[in-house]
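So the structure is just underneath, and the comments pick up after that.
The analysis underlying the following values was restricted to heavy atoms, covering all of them including side chains, and did not include hydrogens, waters or symmetry mates.
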Amino acid sequence: MIARERPLAVAMLSGGLDSTLALRLVADQGIEVRAVNFSTGFCHTDHARQVQRRGTDPQKLRNQALHVAAQLRIPVDILDISAEYLQVLKYPRYGYGQHANPCVDCRIFMMTRAREYMERVGASFLFTGEVLGQRPKSQHRHALALVARESGIGDRLVRPLSARLLPPTLPEREGWLDRSRLMDFHGRDRKPQMELARRLGVTEWAQPAGGCCTLTDPNYARRLFDLFENGRRDALDHEDVLLCKVGRHFRVAPTAKIVVGRFEEENAFLRNFCGGRPTLEAVDVDGPIAVLDGEPSDEMLQLAAGITARYGDGKTHERVRVRVDHQGWSRIVEVEPLSSMQCDAWLLR
Amino acid sequence: MRADEGWTVELDARGLLCPQPIVDLASCLRSLPVGAVVLLRSDDAAIAFDLPAYCQSTGHELLALAHEGRLWSGRVRKLHDRI
């Protein structure tokens with residue numbers, strides 16, 4: 001390891017207010033910092049970029065961790081952990097939070113990866129923007145200790161925003177960090193963070209804490225658990241995850257689901273990321289793109305065409321022609337649009 | 001090691017979902033010698049913000065950034081081996 005004049009620390013940086021403040025508290029003590037940002041595939045901002053609605057301010061779609069790191073001149077690495085993260089999501093040892101969020105397992109997994117990164121770059125410790133008591137599932141005292149232990153990081157993990165309420169860590173005991181200059185924040189009240197931001201001159205930040213994860217969205221959770229209940233837990237893949245984010249979802253059979261785009265950008269997304277599944281679109285009238293997720297039998301294609309027709313401009317027509325595209329072939333199916341009542345019976349709400 | 005002038009690697013990130021273009025760029029830069037240039041192509045509109053931020057954060061040099069319609073092209077010169 002290279003001998004350093006000052007310790008090197010790794011920041012887990014989301015780019016939200018808490019991790020930004022934690023970074024400032026550590027960097028302002030003369031510690032050399034580099035940041036790591038994890039891409040799990042479940043970030044709202046990432047999804048907003050994938051389904052870019054017309055008129056969306058592109059500034060709101062920027063990667064906030066990159067933006068914060070650039071402002072503070074802190075080098076940042078974005079690590080794509082989305083493939084491994086699926087395993088965490090399928091079988092969380094410590095269960096889910098209110099929706100599909102496996103927060104404790106998520107923290108252990110990320111912290112383990114961050115520890116490995118810390119060791120790889122020769123850093124002395126790791127820190128996060130976690131606040132004691134801020135989140136019921138993963139940030140109470142016991143959970144914070146559990147995450148530090150299970151990830152193998154132990155007392156090389158500092159939570160600068162709550163450090164004075166927690167046992168002294170190695171960097172504090174060694175004198176690399178002055179504990180008295182760290183914080184004693186606790187709970188969900190954000191006023192202390194706002195006040196600290198004002199004091200440090202931090203003037204802009206991303207969403208409120210916890211607001212970026214798709215897995216805390218009840219609609220997303222319902223779609224994901226529907227896949228699990230219908231035999232897709234083991235086989236869950238990246239495309240399943242993407243499909244759950246868009247459109248209306250109709251569970252028409254245990255082995256078949258139909259996803260219908262709700263607006264132009266979702267239609268474009270479904271067309272691009274259908275992952276080899278059959279797509280459907282009305283031929284003579286405007287309407288959505290639909291994707292059939294499941295065995296493309298004649299019966300299912302007829303059903304999917306009827307639902308596709310229901311959500312297009314031909315919904316009051318007696319018959320609508322719908323084109324099915326699948327792996328290089330196309331065919332036209334002529335159907336009667338299904339009624340709202342029929343569709344509602346299958347709609348995942 | 002320093003690459004010869006004119007050594008440019010093209011990285012086509014069109015159609016890739018965020019943040020993959022930046023992840024791939026970082027990986028590409030790591031594999032190249034100091035001085036090499038990466039030409040990144042992306043159709044992700046936010047690359048207009050993310051690419052300058054990445055360069056400012058990591059200390060690599062953003063030589064150019066331009067777009068034609070939805071297609072963005074950015075040229076980045078690797079300045080060091082630190083990240």
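Contact annotation for A:Leu242: only side-chain heavy atoms (C-beta onward) come within less than 4.5 Å of a heavy atom of chain B.
Put simply, the side chain of B:Thr58 never gets that close to the backbone of A:Pro75: no donor and acceptor are under 3.5 Å apart. Of the possible donor and acceptor atoms, one in the side chain of B:Asp50 sits under 3.5 Å from a partner among the backbone N and O of A:Asn63.
Just one residue in the list A:Asp77, A:Asn37, A:Leu66 forms a side chain to side chain contact (heavy atoms under 4.5 Å, CB included) with B:Ile22, and that residue is A:Leu66.
Most heavy-atom pairs under 4.5 Å with chain A, from the set B:Ser27, B:Gly15, B:Ala53, B:Ala26: that is B:Ala53. No other option in A:Asn272, A:Ile78, A:Leu72 has as many heavy-atom pairs under 4.5 Å with chain B as A:Ile78. Chain B forms more heavy-atom pairs under 4.5 Å with one residue of A:Ala69, A:Ser82, A:Ala35 than with any other, namely A:Ala69.
Taking non-hydrogen atoms and a 4.5 Å limit, the residue list of residues 59-68 of chain B in contact with chain A is empty.
Contact between A:Ser39 and B:Pro19 at its shortest, heavy atoms only, is OG-CD, 3.2 Å. Heavy-atom minimum distance, B:Gln56 versus A:Ala70: NE2-O, 3.3 Å.
With sequence neighbours left out, A:Arg24 forms a salt bridge (charged side-chain N to carboxylate O under 4.0 Å, His left out) with A:Asp28.
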